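Below is one structure, written out as structure tokens; the observations come after it.
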2 protein chains.
Amino acid sequence: MIDPAEATVDGRPTPTLEEVAREAGVSRSTVSRVINDLPGVSARAREAVNRAIERLRYVPNEAARSLVTRRTNSIALVVSEPGDRVFGDPFFAGVLRGIHAGLAGSKRQLVLMLAGDDAGDEGEALENYLCSGHVDGALVVSMHGSDPLPGRLATAGVPVVAGGRPLGGAGVPYVDADNFTGGLLAARHLVSGGRRRIATIAGPEDMAVGIDRLVGWRRGLSEADLPTDAVVHSDFSVDGGAAAMAELLRRHPGIDGVFAAADIIAVGALRELTRQGRRVPEDVAVVGFDDSVFATSVTPALTTVRQPVEEFGRTLTWRLLAQLAGERHLPPSILLPTELVVRGSA
Amino acid sequence: MIDPAEATVDGRPTPTLEEVAREAGVSRSTVSRVINDLPGVSARAREAVNRAIERLRYVPNEAARSLVTRRTNSIALVVSEPGDRVFGDPFFAGVLRGIHAGLAGSKRQLVLMLAGDDAGDEGEALENYLCSGHVDGALVVSMHGSDPLPGRLATAGVPVVAGGRPLGGAGVPYVDADNFTGGLLAARHLVSGGRRRIATIAGPEDMAVGIDRLVGWRRGLSEADLPTDAVVHSDFSVDGGAAAMAELLRRHPGIDGVFAAADIIAVGALRELTRQGRRVPEDVAVVGFDDSVFATSVTPALTTVRQPVEEFGRTLTWRLLAQLAGERHLPPSILLPTELVVRGSA
DNA sequence: TTGAAAGCGCTACCAA
DNA sequence: TTGGTAGCGCTTTCAA
């Protein structure tokens, strides 16, 4: 086992602030001031220190630093997804991009953490990690059921923002897309296209995103006095979507329209419809959700509900950073707009 | 601004080891021993400490801990991708799953870092972060050109393993798929299917993955005395693949077979071929690479070269952990096997 | 089996 | 504008 205390650079032990001070002929305090860009240092001293830093290839020890400042300059992105096919979904890709963009210029690092399948041991390890001062705050996304994590973190004093409305109101601020309106728009579009027997492949029952889009869809059909009984739930995967579509066709053969709660689900639905010889959109119209890369990579291209994915990530980050900066009067929740994008499938 | 030094749990300041010791009626040393599972603690003392920890909801401060141990229990995954569409690619999803799996049970956390577009400021910030003791080691993937980062980290004493062969041999160990053989298999399959005018949409010119698959493809065609001049490069995106396909058809209208260096590229190629009225596989056979979710979500399903994506991630992790554990005689490089999966497109 | 005490490398306060 | 100094919370000898 390598002894980490023997860590070296080019064979020499890693330099400390003390040595930089000696090399520059000043005190530790002065070196510290230079490193942290604090005022009250003469140009001469500053230059001497910078030269010494350069010569010794000095890099401050973050552990020591954060031990005293109580800050780590990193924030966590916790993806609490039971399955681990999280990153296959372009939705996450977009959110991640947004978070990254939101973090740019903040000098904070992103720490990604996947909360494994079950609670069990891992869940606790995760909570410990987050509570033990590794991060200044946390973003929690893709929560299922009434996940206790956000609430726990908040209680433990770790600033948290949830991505997606937490079920059971965990009492933490959150950012979400306006999923209800999205579902509503999808339903209305199908209705106005003359469809009368409209089904939906809803998202997971234990996620707000699954519920809210479903409720919006229901509202849209009710407005037109159409039945809302053709509902099947699916996870966010192509195969899940295909299976759900098969189930739907079995139970309601007369379907002429489907709202899939995600493009990735719609892709599976499309595959199954084609397999069973139904034409899209002639026989069955399909509306997706997300306006992800999937929407334009299938034939016909998907009519879908666009949600501002990257903005989702940016907003999430902004909200957390604002909280960390101690800003007052922050909105407890933020809803981002969704809009319909009409293409070939409906 | 919230003063982090005032961090509290339920209004009380976060407890320290000192307070646990007082609460349990033992010394700090004993508490430390219990926390770290060290021998030489009486059952009675151990129990008292555990109760105190429970009561106070004590969580060790990692900064303090790693200041003395010089270990952080986290490793970095550095994705040095100039563009930021990294996570749209299912390849990363799989690798990430593998890494996560490989880390399970190691008590180490994964820190994901995206190395922004340019070197500039950000590159340095990244290097500083990694060198300042935030992580015990780093995994660097998706390198372009002869990225100096892995070499720099290694020089600075940070253990590194590269995912994908580093161009210009950075002198760090690496794990990669056998891309050469993959390209070779793809070419041979097209040849044996009777195709005579075979093109390739290669990956980026500045990545080993782009080069190695191309070289393998060339070898396969050379074996059959076929020309190897129909080459266009593309990034790993659907649109890039479509554009490359268009370019290829313009330059070589007589093409009857294409090897796309990634499924995501093949999807774009398929779209363009269809748009131009060429039937797949009748007019043009298409072979992809990855065997990702894209392969089966298009029509016809892609014949493709499978690479063991998750194993890639697991192996990467294993290699780094072994190195951290001080194991000797570790292989400097590991090549994972690739194999052909025949479906409808070729 | 236990406890006392010496730091780990840094920041922040106070005095000069 | 500077330097001295007291910790931050923990691990790790060394003695008892």
Side-chain angles (χ1 to χ4, degrees), chain A residues 1 3-9 13-49 52-53 56-73 128 131-134, chain B residues 1 3-9 13-49 52-53 56-73 128 131-134:
Chain A
M1 177 73 193
D3 181 351
E6 302 283 318
T8 60
V9 178
T14 74
T16 70
L17 185 144
E18 173 87 52
E19 298 168 53
V20 173
R22 201 182 312 136
E23 175 85 9
V26 297
S27 73
R28 283 169 21 197
S29 314
T30 299
V31 177
S32 178
R33 286 185 193 106
V34 172
I35 290 170
N36 295 291
D37 256 328
L38 295 177
V41 182
S42 66
R44 226 170 59 73
R46 169 161 276 128
E47 187 150 327
V49 169
I53 287 176
L56 300 176
R57 301 243 201 84
Y58 170 74
V59 179
N61 179 320
E62 286 301 326
R65 181 179 264 179
S66 85
L67 175 56
V68 30
T69 62
R70 306 306 201 106
R71 316 205 299 98
T72 64
N73 291 325
N128 273 351
C131 293
S132 62
H134 267 291
Chain B
M1 178 74 193
D3 181 350
E6 303 283 317
T8 59
V9 178
T14 72
T16 69
L17 184 145
E18 173 88 52
E19 296 167 55
V20 174
R22 201 183 312 135
E23 175 85 8
V26 299
S27 73
R28 289 180 359 211
S29 317
T30 299
V31 176
S32 179
R33 289 185 191 106
V34 171
I35 290 170
N36 295 291
D37 256 330
L38 295 176
V41 182
S42 67
R44 226 170 58 76
R46 168 159 277 128
E47 187 149 328
V49 170
I53 287 176
L56 299 176
R57 300 245 203 85
Y58 170 74
V59 179
N61 178 319
E62 286 301 325
R65 180 179 266 181
S66 83
L67 177 56
V68 29
T69 62
R70 306 304 200 106
R71 315 208 297 97
T72 64
N73 291 326
N128 273 351
C131 293
S132 62
H134 267 292

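Please read these numbers as outputs of a predicted model, since none were measured by experiment. Each chain gets a letter, A, B and so on, in the order its sequence line appears, and its residues count up from 1.
Of all heavy-atom pairs between B/A48 and B/A24, the closest is O-CB, 3.7 Å. Nearest heavy-atom pair, A/T16 versus A/Y58, reported as atom, atom and distance to 0.1 Å: C-CE1, 3.5 Å.
Distances shorter than 4.0 Å separate some side-chain N or O of A/T30 from OP1 or OP2 on D/dG3.
Under the 4.5 Å side-chain criterion, counting only non-hydrogen atoms from C-beta, B/V41 is not in contact with B/V26.
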- request: Step by step, work out the side-chain contact (heavy atoms from CB on, under 4.5 Å) result for A/S27 and A/T30.
  value: CA-CA 5 Å; A/S27 73; A/T30 299; 3.4 Å; yes
A/E62 vs A/R65, salt bridge (Lys or Arg N to Asp or Glu O under 4.0 Å): CA-CA, chis, key distance, verdict: CA-CA 5 Å; A/E62 286 301 326; A/R65 181 179 264 179; 3.2 Å; yes
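The CG-C1' distance, from B/L38 to D/dT12, rounds to 10 Å in whole Å. Atom pair A/H134:NE2 and D/dC10:P shows a separation of 13 Å (rounding to whole Å applied).
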Between the protein and nucleotides 8-11 of chain C, which nitrogen or oxygen pairs are less than 3.5 angstrom apart?
unit_1: C/dC8; atom_1: O3'; unit_2: B/R70; atom_2: NH2; d: 3.4
unit_1: C/dG9; atom_1: OP1; unit_2: B/R70; atom_2: NH2; d: 2.3
unit_1: C/dG9; atom_1: N2; unit_2: A/A64; atom_2: O; d: 3.4
unit_1: C/dC10; atom_1: OP1; unit_2: A/Y58; atom_2: OH; d: 2.3
unit_1: C/dC10; atom_1: OP1; unit_2: A/N61; atom_2: N; d: 3.1
unit_1: C/dC10; atom_1: OP2; unit_2: A/L17; atom_2: N; d: 2.3
unit_1: C/dC10; atom_1: N4; unit_2: A/R28; atom_2: NH2; d: 2.6
unit_1: C/dT11; atom_1: OP1; unit_2: A/N36; atom_2: OD1; d: 3.4
unit_1: C/dT11; atom_1: OP1; unit_2: A/N36; atom_2: ND2; d: 3.1
unit_1: C/dT11; atom_1: OP1; unit_2: A/R65; atom_2: NE; d: 2.8
unit_1: C/dT11; atom_1: OP1; unit_2: A/R65; atom_2: NH2; d: 3.3
unit_1: C/dT11; atom_1: OP2; unit_2: A/S32; atom_2: OG; d: 2.9
unit_1: C/dT11; atom_1: O4; unit_2: A/R28; atom_2: NH2; d: 3.4

